[in-house]
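In what follows, chains carry the letters A, B, and so on, assigned in the order in which the sequence lines appear, proteins first and then strands, with residues in each chain numbered from 1. Values below: all heavy atoms of this structure, side chains included; hydrogens, waters and symmetry mates excluded.
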There are 2 protein chains.
Amino acid sequence: MDLERTTNRIVRQRNRSALLSKLFLEGPLTRQDLARYTGLSQPAVSNVVGDLIGAGLVVEAGAVESDGGRPSMMLRVAPRYALVAGVDVGETRIRVELFDLAMTMLASADYPLDAAGPAPAAVVRHILAGLDAVTEQAGVPRSDILGIGIGVSGVVVQGGEAIVHAQTLGWHGVPLERLIRAEVDLPVHIDNGAKTLGQAEMWFGAGRGSRHAVFALVGSGVGAAVVTNGVMYRGVSSSAGEWGHTTLVYDGRACRCGARGCLEAYVGAEGIIDRYREARRGHDVPGADEESQIGALIEAADRSETARRVLEETAGYLGAGVANLINLFNPERVVLGGWAGVALGAHLLPAIRAAAAGQALHQPYEQAAIELGQLGVDAVALGAATLPVARLLAAGGTRN
Amino acid sequence: MDLERTTNRIVRQRNRSALLSKLFLEGPLTRQDLARYTGLSQPAVSNVVGDLIGAGLVVEAGAVESDGGRPSMMLRVAPRYALVAGVDVGETRIRVELFDLAMTMLASADYPLDAAGPAPAAVVRHILAGLDAVTEQAGVPRSDILGIGIGVSGVVVQGGEAIVHAQTLGWHGVPLERLIRAEVDLPVHIDNGAKTLGQAEMWFGAGRGSRHAVFALVGSGVGAAVVTNGVMYRGVSSSAGEWGHTTLVYDGRACRCGARGCLEAYVGAEGIIDRYREARRGHDVPGADEESQIGALIEAADRSETARRVLEETAGYLGAGVANLINLFNPERVVLGGWAGVALGAHLLPAIRAAAAGQALHQPYEQAAIELGQLGVDAVALGAATLPVARLLAAGGTRN
DNA sequence: AAGGCTTAATTTACGCGGTTATTAAAGTGT
DNA sequence: ACACTTTAATAACCGCGTAAATTAAGCCTT
């Protein structure tokens with residue numbers, strides 16, 4: 001079924017890609033290291049590295065000390081070969097960040113969104129303003145930017161030009177990619193926010209080194225990103241990983257998606273707050289927004305039996321949801337992220353693990369480590385910024 | 001992250017594998033077809049095909065008629081280059097089948113199992129007897145057999161030698177591969193039965209041509225096989241796809257796995273029969289075994305309101321379970337197989353589709369066709385027999 | 001029936017790519 | 001200053017697919 005033709009040029013490109021990726025993800029490394037890790041011969045490595053240095057993608061970065069023998073040269077991806085922009089289009093704000101190829105953040109800009117679904121045009125305007133802002137802050141010309149990555153909290157369909165369906169933003173079939181391309185002459189990559197978060201954790205955070213991992217994002221909405229055999233799994237129309245709307249309680253609570261008993265209706269921020277309010281016999285939960293309300297709930301757990309019970313139930317639901325992921329995907333790791341996920345996980349991780357252990361099959365449960373994300377909330381923008389980088393690495397550094 | 005070194009020899013092997021696979025799955029084809037489909041140049045195709053013919057793997061099979069111009073030669077995988085054996089180790093019986101490389105069944109043998117978990121040694125004995133029986137029936141020497149594939153209803157962990165955990169057989173950590181290798185000097189491949197069924201449907205049945213598909217097996221137990229990007233997804237310890245033990249009804253019916261609310265407890269044959277009995281206020285369901293009991297239920301639906309309701313509820317649960325698969329995997333197709341799945345699906349497919357539509361997100365639901373399997377119950381053995389074939393194809397026809 | 005046309009398959013010359021073996025480079029230690 | 005060690009670059013070599021040219025094998029027209 002593998003209809004990829006393989007020819008000699010492709011060999012070179014694959015090896016360029018392999019070496020460049022290794023250097024990017026685990027650099028700096030010496031030519032010797034590269035030869036060892038990739039299995040290529042030393043001359044081949046030198047040859048390819050020569051190309052990459054010639055193209056300005058890789059630079060030598062000091063010799064490593066030796067005890068006898070010629071010291072080897074450290075190689076690393078040139079941080080300033082290009083810059084990348086990452087955008088997080090969340091439910092409440094847009095954040096634009098600018099990185100170099102060492103993924104050091106050079107500048108950032110924030111734009112709050114109106115509570116009720118913002119118009120696509122407004123989002124595009126904010127993104128453009130953000131690009132101007134971060135390039136100016138960093139004092140770089142826009143032409144230095146290799147590409148823009150955008151993470152959106154909604155379904156992003158990838159065929160050709162990315163189309164966004166985001167129920168929570170009130171978007172249905174928005175051609176975001178076209179809207180942005182019309183204004184900016186740069187490569188644009190758009191993906192689901194959970195997937196960009198997963199990508200970031202995979203490369204730089206809790207997912208490092210695993211081939212099979214699931215990244216669960218719990219915030220206002222609930223989503224997941226699934227890495228199978230080392231690559232982000234998208235499915236046929238890129239909407240794979242919609243964990244939040246899997247049925248956990250058949251015929252249960254109504255979900256904003258229109259169905260009943262979805263996981264999100266129980267462990268999404270709104271669902272948790274609703275359940276807490278019901279447990280308080282209808283008394284409103286203190287706090288101006290969802291984040292402070294969840295904070296209030298967690299804080300109240302020390303003294304309030306009701307709050308404690310609501311959190312305990314939340315851990316039960318989350319644990320069962322995680323168990324489903326473990327049974328279906330058999331991952332090495334399940335990483336809990338998103339603002340609510342991190343806030344809850346800090347206290348509830350043991351309870352979540354216990355609940356998952358009770359619902360998952362023994363064998364796959366034993367294989368799966370359930371952990372918290374390491375990159376915090378900005379992981380979505382960081383992950384978005386990796387999208388153009390991933391393209392560069394896959395292409396072996398050829399710009400096209 | 002791709003550490004596959006790529007070298008010149010590998011180019012040849014990959015192309016051998018690509019051509020051979022194409023021929024096997026879609027043959028007979030001409031050299032021209034191969035050149036078109038694979039993108040290789042005509043001389044390259046001729047060159048590789050020459051090798052394959054020389055090795056006896058491929059034969060020319062008649063010229064195609066032409067209207068002007070030299071007629072092209074049909075090529076096909078030589079059916080008798082090797083034979084393969086497929087074994088289905090189910091909960092109630094063991095079935096051994098012998099195929100040639102055209103996957104024509106040459107012989108088969110059946111061995112019923114005791115209801116209560118059979119000892120591994122007994123299973124091995126049946127398999128060996130089956131091998132002897134089918135080779136004798138077909139009148140071929142055992143040395144013609146390329147390898148043996150075995151599909152087991154349970155978790156099969158692949159690292160090194162396959163280990164089987166099959167709760168329903170009472171097996172825990174059975175080194176089935178070693179037990180068989182000790183008795184037979186042939187390559188042995190063991191995999192989960194749902195996965196071999198999926199493999200069969202993928203190559204020869206309802207899954208043909210799709211890159212992303214989920215095969216749901218509903219029988220005494222409930223399982224699934226997931227194909228992502230054209231390859232069977234296994235997860236870190238090969239137990240991915242344990243759909244039957246995902247939670248569908250939080251805190252619901254007790255399942256034989258020890259957890260509560262598992263899908264299998266509702267739509268596995270036993271679960272359905274139990275629910276029917278309860279709906280009949282404890283009156284036993286007529287029928288000697290599960291298969292006839294399910295048959296009785298389906299047949300009673302025409303006249304009994306109770307039976308009708310139980311089936312309707314079953315469709316609801318199954319639909320929700322399918323919706324979960326659709327939300328998480330975003331497949332092109334969901335294929336319902338297994339003896340109970342086929343029996344139920346024949347009547348309930350519309351109701352299942354409707355239930356899935358109600359629970360799944362709109363966008364992924366629209367992408368997913370929900371269909372019945374095309375290969376019937378013997379698909380497990382057929383799929384098992386494809387395991388050694390898959391190995392041969394991947395290796396490009398080199399025997400090792 | 002012969003020559004022309006068309007398509008399939010093979011042959012030839014070529015460039016690319018990685019490998020092994022060898023040589024040069026750049027250090028440490030005695 | 002010399003031996004030793006390790007890294008990097010160079011040279012000779014073989015395998016692979018490509019493009020272009022050639023041969024093979026049929027149909028069609030005259």
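Listed by chain and number, the residues in a salt bridge (Lys or Arg N to Asp or Glu O under 4.0 Å) with B:Glu177 are B:Arg181 (sequence neighbours excluded).
Residue B:Asn15 places at least one side-chain N or O under 4.0 Å from the OP1 or OP2 atom of D:dG17. For A:Arg12, a side-chain nitrogen or oxygen approaches OP1 or OP2 of C:dG18 to under 4.0 Å.
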Take A:Asp185 and A:Arg142, measure what salt bridge (Lys or Arg N to Asp or Glu O under 4.0 Å) needs, and give me the verdict at the end.
CA-CA 10 Å; A:Asp185 188 27; A:Arg142 190 178 277 185; over 6 Å; no
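Between A:Arg208 and A:Glu26, none of the side-chain N atoms (NZ, or NE/NH1/NH2) sits under 4.0 Å from a carboxylate O, so this pair counts as no salt bridge. Taking 4.0 Å as the cut-off between side-chain N and carboxylate O, A:Lys22 and A:Asp33 do not count as a salt-bridged pair.
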Pull out every protein N or O sitting under 3.5 Å from an N or O of nucleotides 9-15 of chain C, one pair per line with the distance.
{"from": "C:dA9", "atom 1": "OP1", "to": "B:Met73", "atom 2": "N", "distance (Å)": "2.8"}
{"from": "C:dA9", "atom 1": "OP2", "to": "B:Gln32", "atom 2": "NE2", "distance (Å)": "3.2"}
{"from": "C:dT10", "atom 1": "OP2", "to": "B:Ser46", "atom 2": "OG", "distance (Å)": "2.8"}

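When all heavy atoms of B:Ala213 and B:Met202 are compared, the pair lying nearest together is CB-SD, 4.5 Å.
In this structure, the CG atom of A:Leu19 is 14 Å from the P atom of C:dG17, given to the nearest Å. Atom pair A:Arg36:CZ and D:dT7:C1' shows a separation of 11 Å (rounding to whole Å applied). Look at CZ on A:Arg14: it is 15 Å from P on C:dG17, rounded to the nearest Å. Distance CG (B:Asp51) to C1' (D:dG17): 13 Å, rounded to an integer number of Å.
Surrounding CZ of A:Arg76 are at most 12 heavy atoms belonging to other residues, nucleotides or ligands under 6.0 Å away.
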